[in-house]
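Comments concern the structure below.
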Protein chains: 2
Amino acid sequence: MSDTSNDTDIPELCRSCEARHNGICGALSGKELKYLSQHTTKKTVPAGTELVGETEAAESFANIMGGVVKLSKMMPDGRQQIVGLQFAPDFLGRPFQETSSITAEAATAVKLCAFPRSKLDAMMKETPGVEQRLLRQTLKELDEARQWMLTLGRKTASEKVASFLYMIAAQIDPERDLEDNLPITFDLPLTRADIADFLGMTIETVSRQFTKLRKEGIIELEQSRHVTVPDIQRLRDETGEF
Amino acid sequence: MSDTSNDTDIPELCRSCEARHNGICGALSGKELKYLSQHTTKKTVPAGTELVGETEAAESFANIMGGVVKLSKMMPDGRQQIVGLQFAPDFLGRPFQETSSITAEAATAVKLCAFPRSKLDAMMKETPGVEQRLLRQTLKELDEARQWMLTLGRKTASEKVASFLYMIAAQIDPERDLEDNLPITFDLPLTRADIADFLGMTIETVSRQFTKLRKEGIIELEQSRHVTVPDIQRLRDETGEF
DNA sequence: CGGCTCATTGATGTAGCTCAAGCCTGGTGG
DNA sequence: CCACCAGGCTTGAGCTACATCAATGAGCCG
């Protein structure tokens, strides 16, 4: 931890921000935070907002303070694949240059703390820890992407849906010990169409697998978005892993 | 470029090594290279050698000087997915800690330049450019992984095989302009079984798609491993992208 | 109330899997 | 030098998991 400075130096908004604890900003001192925060724009965007491409984040970067962002790729004929989900306190945007065509879109309402490219460059130059944090997050994303390649390439439809639900459940509260077997409840951040695009299948098949898991008592469903998992171990068993 | 030092300081083996030009070592000065090279072990391992897990690279890292390494994940019941291919001058091994269960195996004979973890840590501390190079490589791998997620999730069998061949063809000579439409010839670094594990399909389907592409004149095959692509554009069209 | 979007469910079609047989090719030993 | 074998590849026949097409339901908003 390098936030050894006096806590009163830390800007109000940064104090409760997860990015300061586990994100990029964790590498910054109170003074640096103060400076950076003068150049950040906090904003909340509604679900569906495009956050990248020729529009927003080409010249700007952001920490996600809340909500879920989906990263996706599209083929000329419209087939689409979601290639990543990002949650707070992930960093959004690409150091160096973006060449690969990838789209970022708010899957839910998203709270952002944005700042210009020049500030990131400066931070990377002046504070060595920033680059390391970026490297760590990138390695984490790489692990997740590879994990998902296994899911996409080798799992059955029901294993895919179980894996997705397990991933979301695990992500809801990272602190939580998943061995404890207490019920977990959460709202899905994605529509069925998004889930289908994430899992490489059709809406209909996703829906059928939800129904199947519900009938087997592995999940409970309310209004199609609100999920309760009474026994996370049983869900885990359905993923095909472990 | 930070290799501003006298060329005669550069160790013999490093001079022709791709890692010095495009890989990690490119961030090092002649003096640093000299020091590092005293602690490296060059070796060539045959196809099939395990390079990671509890065995080799937990405490050691390496630059790939030649050959192809496949990274894969396995499910308890034996289903397998290749999640990445690495070529010279890629870096092999994981900074910080490896948690995700991933296996690295030589797909062909592989030439390595290995060194202990402590040396990498030291390099990262002392030479700032090293961390940046690692970050760049990791971002590249992330791009590739995501590209492959699209292939796994949304492409048909024949698009998958075409994408694989296109990727290999493009990788054979990265300098080459793929617009020029001259025939490209290469040997596949993977068996049909490996290709199947990479594309998330069965050996039989892979084989059928090769046959189909051959009958359509998009590729020529000799001994099942030696491929000629007379018109790279036609192959590209088969990938479904662009 | 009518017109959305999102989700579920059913009926039918098909791409790719499974199972099974046979074929090259390169290596080994008689 | 040929016979044999093993591992990798191809090809065929039939099956099935998932996609496609189509209809209906449930919440939501103007």
Side-chain angles (χ1 to χ4, degrees), chain A residues 46-48 70 75 77-81 105 107-109 151-165 187-216 219-227 238 240, chain B residues 46-48 70 75 77-81 105 107-109 151-165 187-216 219-227 238 240:
Chain A
K70 60 184 203 213
M75 292 171 67
D77 62 3
R79 280 177 282 175
Q80 199 171 13
Q81 176 69 44
E105 187 184 326
T108 64
T151 301
L152 286 171
R154 288 305 187 194
K155 290 191 186 176
T156 65
S158 71
E159 287 170 340
K160 283 180 177 180
V161 171
S163 300
F164 171 73
L165 289 170
D187 283 307
L188 292 172
L190 302 186
T191 64
R192 295 288 186 273
D194 283 338
I195 298 171
D197 280 344
F198 193 41
L199 296 173
M201 24 197 257
T202 59
I203 299 180
E204 294 94 323
T205 305
V206 171
S207 183
R208 282 184 240 274
Q209 297 309 324
F210 268 95
T211 311
K212 179 171 151 271
L213 289 171
R214 182 169 51 69
K215 286 191 176 152
E216 291 171 352
I219 59 171
E220 286 151 32
L221 271 177
E222 214 173 317
Q223 296 165 150
S224 84
R225 293 288 280 260
H226 193 75
V227 180
E238 297 293 319
Chain B
K70 59 184 203 213
M75 292 171 66
D77 63 3
R79 279 176 282 175
Q80 199 169 12
Q81 176 67 46
E105 189 184 324
T108 63
T151 301
L152 287 171
R154 289 303 187 196
K155 290 192 186 174
T156 64
S158 71
E159 288 170 340
K160 284 180 177 180
V161 171
S163 301
F164 170 73
L165 289 169
D187 282 307
L188 292 172
L190 302 185
T191 65
R192 295 288 186 273
D194 283 338
I195 297 171
D197 280 344
F198 193 42
L199 297 173
M201 21 195 261
T202 60
I203 298 179
E204 294 94 325
T205 305
V206 172
S207 182
R208 282 184 241 274
Q209 298 309 324
F210 269 95
T211 308
K212 180 172 152 268
L213 289 172
R214 181 170 50 71
K215 286 190 177 154
E216 292 171 353
I219 58 172
E220 285 150 33
L221 271 177
E222 213 174 316
Q223 295 167 146
S224 82
R225 293 287 280 261
H226 193 76
V227 180
E238 297 294 315

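Reminder, nothing fancy here: chain letters follow the sequence lines and each chain counts from 1.
- Across all their heavy atoms, A:R214 and A:L221 have their closest contact at CD-CB, 3.8 Å.
- In this structure, B:F210 atom CZ and D:dG8 atom C1' are separated by 13 Å, rounded to whole Å.
- Looking only at distances, a side-chain donor or acceptor of B:R154 sits under 3.5 Å from a matching main-chain atom of A:M201.
- A search for side-chain contact (heavy atoms from CB on, under 4.5 Å) contacts involving B:T156 returns A:R79, B:S158, B:E159, not counting sequence neighbours.
- Here the CZ atom belonging to B:F198 is positioned 8.0 Å from the CG atom belonging to B:L152, to the nearest 0.5 angstrom.
- At distances below 3.5 Å, not a single donor-acceptor pair connects side-chain atoms of B:E220 with backbone N or O atoms of B:V227.
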Look for any protein N or O under 3.5 Å of an N or O in nucleotides 17-23 of chain C and output each such pair with its distance, or none.
residue, atom, partner, partner atom, Å
C:dC17, OP2, B:T202, OG1, 3.1
C:dC17, OP2, B:T205, OG1, 2.4
C:dT18, O4, B:R208, NH2, 3.0
C:dC19, N4, B:E204, OE2, 3.0

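- The interatomic distance linking A:D194 (CG) with C:dC6 (P) rounds to 9 Å, in whole Å.
- Rounded to whole Å, the distance from NZ on A:K155 to P on D:dA17 is 18 Å.
- For A:R192, taking side-chain heavy atoms from C-beta onward, the closest of the listed nucleotides C:dA7, D:dT10, C:dG16 is C:dA7.
- Between A:Q209 and D:dA17, a side-chain N or O to OP1/OP2 separation shorter than 4.0 Å is absent.
- In this entry the distance linking CG of A:L188 with P of C:dC6 reads 15 Å, nearest Å.
- Of the side-chain N and O atoms in A:T211, one or more sit less than 4.0 angstrom from OP1 or OP2 of C:dT9.
- The CD-C1' distance, from A:E222 to D:dG27, rounds to 14 Å in whole Å.
- Within 4.0 Å of A:S224, counting heavy atoms only, lie sugar-phosphate atoms of the nucleic acid but no base atom.
- For the side-chain hydrogen bond (donor to acceptor under 3.5 Å, both in side chains) test, no residue two or more places apart in sequence or in another chain qualifies with B:E238.
- Atom NE2 in A:H226 sits roughly 15 Å away from atom P in D:dG27 (whole-Å rounding).
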Walk me through whether A:T205 and A:L199 qualify under side-chain contact (heavy atoms from CB on, under 4.5 Å). CA-CA 10 Å; A:T205 305; A:L199 296 173; over 6 Å; no
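- The distance from atom CZ of B:R225 to atom P of D:dC9 is 6 Å, rounded to the nearest whole Å.
- Rounded to whole Å, the distance from CG on A:L190 to P on C:dA7 is 10 Å.
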